[in-house]
Enquirer: 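I have a structure here, written as structure tokens, and I will follow up with some questions on it.
Just so it is clear, the model here is predicted, and its values are computed rather than measured. All residue numbers refer to positions in the sequence shown, counting from 1.
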Amino acid sequence: MSRFFRSASDSESETDSSDNESFISDEELSDNEADSSEDEGNKQQDDQPKKSRFLKGNGDDSDDDSDEEFGRKRQVKSQKDKRIEEMQSCVKAIENGQKNSDWTRITTEFDKLSVSVTRATTGFDSIRVPSFYIKTLADTDDFLQDTLQKEKAAKKKMSAGNNKAVNAMRQKLKKLTKQYETEIAEYKKDPEAYMEEEEEEDVPLPVLKPGFLKKEVTPATEDEAADDGFTSVGKSGKAVVEVTNETLLTKLRETLENRGKKNTDREEQLSVLEILLQKSKSPFQKISVLLALISSRFDINLSMVEYMDVKLWKSVEKELNLLLGVLEANPAFVVREDADELENEDKDVTPAAGETVQIRGSIVSYAERLDDEFTRSLQHIDPHATDYMDRLRDEPSLYAILVRTQCYFEKHEMKENISRVLIRRLEHLYYKPDQVIRSIEKVTKDVLPNYVSSKITHSEEPTQLIHQTCTYLYKQNVSVLRTRAMLCHIYHFALHKDFHTARDMLLMSHLQESIHQADISTQILFNRTTVQIGLCAFRDGLIKEAHAALQEIQGSGRVKELLAQGIQTPRYGQQPTLETDQLERQRQLPFHMHINLELLECVFLTCSMLLEIPAQAQAGPNNKKFISRPFRRLLDYNERQAFSGPPENTRDHIMSAAKALASGEWERAKDFILAIKVWDLMPETQDIKDMLVRKIQEEGLRTYLFTYASYYSTLGLSQLSTMFDLPVSNVSAIVAKMIWSEELSASLDQVSQCVVLHQVELSRLQVLSLQFSEKAANLVDQNERLAGVGRDNSKSHN
């Protein structure tokens, strides 16, 4: 048989020469006394059945042989001993750190020690808190106080890392010394007696192998066996303690300590907190449990991509209303973000008469998170499905919470929180028409209790309500709030056809100069406001102003992206990263806030047509100057087509109208423009169509005069009035304006009611001068573009 499979008795009895050469025997490592004891051991082992040396439990296995070869015995330690050794090594490291004043190391080792103690003192096999841990707490706290006193008197301050570690350690010790206050007091009373008492309690008991001793049945065990009362155990393996009024806050503290830890079941935490809410009776208990419950519900959805479940969202809404109701009914309790932590030792708090108890919490954060989750759900739900409308019906209840939160902050004069809630409320109203604002305000008034009222926003008229909200936000120190309030106010004026007020506010605010430094959401709001101003100018019949407002956004070719109404398809195959794509999707506006892009394009191209066609007729066919580059590109493409069919979409209708207007057929141009169905989406549709007909007639007259002025010597005003279906006074005014602005070389004869056209031929020098000025203007334009590209490249490199 191979020597590697020798039995236990063979290892001592056989004295084969090959074995002696290969292995170091026990005789070589021991003296004569050891030989005699070994012979006695061999006799005892001969009486036992033989086992393989590789079987676990055999006294002479390979591990024991290897240990004995090096002159040491193998020690088997229990889990408890291993944990205590690990804690003691951390204590030694902390003591070494105190000698060197290395607070970074002290903090790190103290965290390890605290985690080890927590694990050892919880669960089924838990032990009592070790005495050396209490000693370490007391000594470290004293050392910390000494360090702080020395730091005040020292000229040279400690390093930033040490200072940060000291502050962190102070907070941890403050919490733990409060938790083990009784034990620390006993230790400080008599340290030696406390440590000796701990050693006496830790006398090791003999460990017996199960199955060797027969269990004696005593009357007590019989009673225990007969008793069928079992302890309930939760999912985490801990015993479920019945919650009473005295233990409620203790159970709440234990639940909050487990929040955010690894392997914590969030659903189980929610169920525990719901039970605590049902059991809570006093206002302090209800407020404390509700603050923890709302935060835990938000913890369920930590994803930046998915939105909170609607049922969960409604639960949070209900609990936030309940919290506000409890706080309104008990004004002695105030929830503030800057409140100090209460030292109530898990006992109920009953304020005395006239006393105010401040509880740490952030109601404004709950309201903002609720609003964010609502917006995120609208971003993900299909806008063409009924689910979108069902979800949108929850907006009045959310708006009511914002109003109620604002009134609560007004009552307790929390000015910073008031402005945060007001901007949220404003962003729910600024894009809505008056009728919808009145409706949502009426629903809010019916939902909220009668005693809830605001001193800042008390008006029932929508325009006045927006004005009061924005006026309060203008007085705040936060520039982002002022900027967003200004943009919302301008948007509201533009939406309600007050172009000149909106334009003047935008120009006086100088936002267009600094908006590129703002965050992306504010830039999106600025783009929306600019576009709305352009639409407002178009409804007022101000074609040039509308084109100027819309040109920058519409001419960029990235309208969807700039208005956050869709993700632009990347050019040249440049795929965005996953993170960039997610951020872009999070910025998208809900569908009900969108501005119709087809209407926007239609308005822009119509304004371009009414400006570009007369300018093109004035400049001549060979002139390359243009007012609107996108319109000119579309018109050139349409003219290059070999066959032009009947118009099918909005662009085709406008291009056909432009060609008809250029040839003097204003009636055909009118028919093409009025055939566009997008005009029905705008309010006051008939007024807009009448305005378009009038503008087409006027620009048709101007185009006709520019085109055919060289072919006539005189033109009768009555004839022009009949051709373009305009009153004689309007025709006379248009011609006079053209003569005054030197667009037309003519004179107006009031007696004969005709226009006398002057044939002026430019000299060779004048023609060359005009060509030179055009080339110089083109050169300046190209230089500005190149300079802009250079600046962009330098920014990207930096």
Enquirer: Grab the two heavy atoms, one from Ala549 and one from Thr530, that are nearest each other, plus how far apart they are.
Expert: O-CG2, 3.4 Å
Enquirer: Could you report the tightest heavy-atom contact between Ala400 and Val447, atom names first, then the distance?
Expert: CB-CG1, 4.3 Å
Enquirer: Do Gln586 and Gln582 pair up side chain to side chain, a donor and an acceptor below 3.5 Å, judged on atom types alone?
Expert: no
Enquirer: Between Thr469 and Leu465 (side chain of the first, backbone of the second, donor and acceptor by atom type, cut-off under 3.5 Å), is there such a pair?
Expert: yes
Enquirer: Ignoring hydrogens and angles, tell me if any N or O in the side chain of Tyr431 forms a donor-acceptor pair with the backbone of Tyr491 under 3.5 Å.
Expert: no
Enquirer: Under the salt bridge (Lys or Arg N to Asp or Glu O under 4.0 Å) criterion, do Arg393 and Asp390 qualify, and how do the steps go?
Expert: CA-CA 5 Å; Arg393 290 190 182 96; Asp390 295 339; 2.5 Å; yes
Enquirer: Under 4.5 Å between any side-chain heavy atoms of Asp387 and Arg391, yes or no?
Expert: no
Enquirer: Taking the side chain as everything from C-beta on, heavy atoms only, tell me whether Arg585 gets closer than 4.5 Å to Gln379.
Expert: no
Enquirer: Taking Glu410 for its side chain and Lys455 for its backbone only, find out whether a donor-acceptor pair lies under 3.5 Å.
Expert: yes
Enquirer: Which of these passes side-chain contact (heavy atoms from CB on, under 4.5 Å) with Phe538: Ile533, Leu550, Ile688?
Expert: Ile688
Enquirer: Is it the case that atom NZ in Lys677 sees more than 12 heavy atoms from other parts of the structure closer than 6.0 Å?
Expert: no
Enquirer: Below 4.5 Å, heavy atoms only, C-beta onward: do Leu324 and Val452 meet side chain to side chain?
Expert: no
Enquirer: Between the main-chain N or O of Ala485 and the side-chain N or O of His489, is there a donor-acceptor pair closer than 3.5 Å?
Expert: no
Enquirer: Is a side-chain N or O of Gln588 found less than 3.5 angstrom from the main chain of Glu584, in a donor-acceptor match?
Expert: yes
Enquirer: Between Asn417 and His412, do the side chains contain an N or O donor and an N or O acceptor separated by less than 3.5 Å?
Expert: no
Enquirer: Using modelled atom types and a 3.5 Å cut-off, is there a donor and acceptor pairing between side-chain atoms of Glu341 and backbone atoms of Arg360?
Expert: no
Enquirer: I need the minimum non-hydrogen distance between Pro351 and Ala332, along with the two atoms involved.
Expert: CG-CB, 3.7 Å
Enquirer: Would you call Leu249 and Phe284 a side-chain contact if the rule is heavy atoms closer than 4.5 Å?
Expert: yes
Enquirer: Tell me whether Glu416 at atom CD has more than 12 heavy atoms from other residues, nucleotides or ligands lying less than 6.0 Å away.
Expert: no
Enquirer: Classify the side-chain pair Tyr307/Thr375 by whether it contains a donor and acceptor separated by less than 3.5 Å.
Expert: no
Enquirer: Is it true that a side-chain atom of Arg539 and a backbone atom of Leu495 form a donor plus acceptor pair closer than 3.5 Å?
Expert: yes
Enquirer: Tell me the closest heavy-atom pair linking Phe374 and Asp394, and the distance in Å.
Expert: CE1-CB, 4.1 Å
Enquirer: Is it true that a side-chain atom of Asp540 and a backbone atom of Leu542 form a donor plus acceptor pair closer than 3.5 Å?
Expert: no
Enquirer: Can a donor-acceptor pair be found between the side chains of Asn527 and Gln523 at a distance below 3.5 Å?
Expert: no
Enquirer: Report yes if the side chains of Met593 and Leu378 come closer than 4.5 Å at any heavy-atom pair, otherwise no.
Expert: no
Enquirer: Assess whether side chain to side chain contact (heavy atoms under 4.5 Å, CB included) is satisfied between Ser397 and Lys318, documenting all intermediate values.
Expert: CA-CA 10 Å; Ser397 59; Lys318 180 182 176 183; over 6 Å; no
Enquirer: For Val678, what residues pass the side-chain contact (heavy atoms from CB on, under 4.5 Å) criterion, not counting sequence neighbours?
Expert: Glu598, Leu599, Thr650, Ile676, Leu681
Enquirer: Let's go through Lys442 and Asp446 carefully: what are the C-alpha distance in whole Å and the side-chain angles of both, what is the deciding distance for salt bridge (Lys or Arg N to Asp or Glu O under 4.0 Å) to 0.1 Å, and is it a yes or a no?
Expert: CA-CA 6 Å; Lys442 184 177 181 302; Asp446 296 340; 3.6 Å; yes
Enquirer: Less than 4.0 angstrom from a charged side-chain N to a carboxylate O is my criterion; do Lys411 and Glu328 meet it?
Expert: no
Enquirer: Side-chain contact test, heavy atoms from C-beta onward, threshold under 4.5 Å: evaluate it for Arg438 versus Pro462 and give yes or no.
Expert: yes
Enquirer: Ion pair present between Glu257 and Arg253, side-chain N to carboxylate O less than 4.0 angstrom?
Expert: yes
Enquirer: Does any part of the side chain of Thr529, heavy atoms only, come nearer than 4.5 Å to the side chain of Leu511, both counted from C-beta?
Expert: no
Enquirer: How close do Leu473 and Ser419 get, heavy atom to heavy atom, and via which atoms?
Expert: CD2-O, 3.6 Å
Enquirer: Rounded to the nearest 0.5 Å, what separates atom CG in Leu481 from atom OG1 in Thr522?
Expert: 9.5 Å
Enquirer: Within the 4.5 Å heavy-atom criterion, are Leu248 and Ser280 side-chain neighbours or not?
Expert: yes
Enquirer: Indicate yes or no for a side-chain donor-acceptor contact from Gln285 to the backbone of Lys281 under 3.5 Å, with no hydrogens or angles considered.
Expert: yes
Enquirer: Check this for me: Lys172, atom NZ, are more than 12 non-hydrogen atoms of other residues, nucleotides or ligands nearer than 6.0 Å?
Expert: yes
Enquirer: Report the distance from atom CZ of Phe493 to atom CG of Leu506, rounding to the nearest 0.5 Å.
Expert: 13.0 Å
Enquirer: Do the side chains of Asp371 and Arg424 get close enough for a salt bridge, i.e. N-O under 4.0 angstrom?
Expert: yes
Enquirer: Can you check whether His384 and Tyr388 have ring centres sitting under 6.0 Å from each other?
Expert: no
Enquirer: I'd like to know whether CD1 of Ile520 has more than 12 heavy-atom contacts from other residues, nucleotides or ligands below 6.0 angstrom.
Expert: no
Enquirer: So if I apply the side-chain contact (heavy atoms from CB on, under 4.5 Å) rule between Glu317 and each of Leu312, Leu322, Leu398, Ile401, which one comes out positive?
Expert: Ile401
Enquirer: Please check if any side-chain donor atom of Ser362 sits under 3.5 Å from a side-chain acceptor atom of Glu337, or the reverse.
Expert: yes
Enquirer: Show, in sequence, the C-alpha distance, side-chain angles and deciding distance for Asp680 and Lys689, and conclude whether the salt bridge (Lys or Arg N to Asp or Glu O under 4.0 Å) test is met.
Expert: CA-CA 10 Å; Asp680 296 334; Lys689 289 183 177 179; 3.8 Å; yes
Enquirer: Starting at CD1 of Ile423, measure out to CD1 of Ile418 and round the result to the nearest 0.5 Å.
Expert: 14.0 Å
Enquirer: With rounding to the nearest 0.5 Å, note down the distance linking OH in Tyr408 to CD1 in Ile363.
Expert: 5.0 Å
Enquirer: Would you check, one step at a time, whether the test side chain to side chain contact (heavy atoms under 4.5 Å, CB included) holds for Ser377 with Val310?
Expert: CA-CA 8 Å; Ser377 65; Val310 178; 5.7 Å; no
Enquirer: Is atom CD of Gln435 surrounded by more than 12 heavy atoms (other residues, nucleotides or ligands) closer than 6.0 Å?
Expert: no
Enquirer: One thing to verify: whether Glu561 and Arg587 come together as a salt bridge, which I'm taking to mean a side-chain N less than 4.0 angstrom from a carboxylate O.
Expert: no
Enquirer: Taking Glu373 for the side chain and Met308 for the main chain, is one N or O donor matched with an acceptor at less than 3.5 Å?
Expert: yes
Enquirer: Is Glu460 atom CD crowded by more than 12 heavy atoms from other residues, nucleotides or ligands, each under 6.0 Å away?
Expert: no
Enquirer: Is it true that atom NZ of Lys560 has more than 12 heavy atoms of other residues, nucleotides or ligands lying nearer than 6.0 Å?
Expert: no
Enquirer: Of the non-hydrogen atoms in Arg336 and Val334, which two are nearest, and what is the gap between them?
Expert: CG-CG1, 3.6 Å
Enquirer: When rounded to the nearest 0.5 angstrom, what is the spacing between CG in Asp690 and CD in Glu684?
Expert: 11.5 Å
Enquirer: Quick one: OH on Tyr366 to CG on Leu291, what's the gap to the nearest 0.5 Å?
Expert: 5.0 Å
